[in-house]
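Only one structure is covered here, and it is reproduced in the block below.
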Amino acid sequence: LNLQQQLTAAARAVKERDDRISKQAAEIDRLRRTIETKDDQLSETRARVQQERQTNERLTEQISVGLQAQSNLKEQIQKALASKQDTERQVLQLKHLIGGTP
């Protein structure tokens with residue numbers, strides 16, 4: 001090959017490498033933007049997850065308080081029923097003592 005052909009081939013090779021590098025640089029920029037977008041989305045998702053955790057903790061506490069209140073009410077109802085039955089028994093005993101029907 002003569003010098004002109006060698007220079008032309010070298011220039012073509014340099015241009016091809018430059019084109020590949022430009023394409024790779026563009027791809028790297030695209031990937032960098034994608035990563036930044038995904039990072040932003042991940043940060044937003046983490047914030048939402050944290051908010052949901054706090055909401056779940058608050059709801060769990062409210063449920064616990066509600067269940068305790070329900071348990072307390074059941075206990076009060078049972079005591080009230082026992083007291084009512086005891087009162088009814090006493091009324092029957094009094095009726096029997098004062099001559100009423102048993």
Measure the spacing between [atom1] of [X] and [atom2] of [Y] and express it to the nearest 0.5 Å.
X	Y	atom1	atom2	answer
Q6	L3	CD	CG	6.0 Å
T8	Q5	OG1	CD	7.5 Å
L92	L97	CG	CG	11.0 Å
T45	D40	OG1	CG	10.5 Å
D29	T34	CG	OG1	10.5 Å
E52	L59	CD	CG	9.5 Å

* Below 4.5 Å, heavy atoms only, C-beta onward: do Q76 and L73 meet side chain to side chain? -> yes

Discussion item. Taking the side chain as everything from C-beta on, heavy atoms only, tell me whether I28 gets closer than 4.5 Å to R32.
Written reply: yes

Members sharing I77's hydrophobic cluster, built from side-chain contacts under 4.5 Å between Ile, Leu, Val, Met, Phe, Trp and Tyr, are L81

Below 4.0 angstrom, N of the basic side chain to O of the carboxylate: do [X] and [Y] qualify?
X	Y	value
E75	K79	yes
D18	K15	no
K23	D19	no

Contacts satisfying side chain to side chain donor-acceptor pair (under 3.5 Å) that involve residues 61-71 (not counting sequence neighbours) are Q68-N72

- Taking it one step at a time, do R46 and S43 satisfy side chain to side chain donor-acceptor pair (under 3.5 Å)? CA-CA 5 Å; R46 283 182 177 146; S43 293; 5.3 Å; no

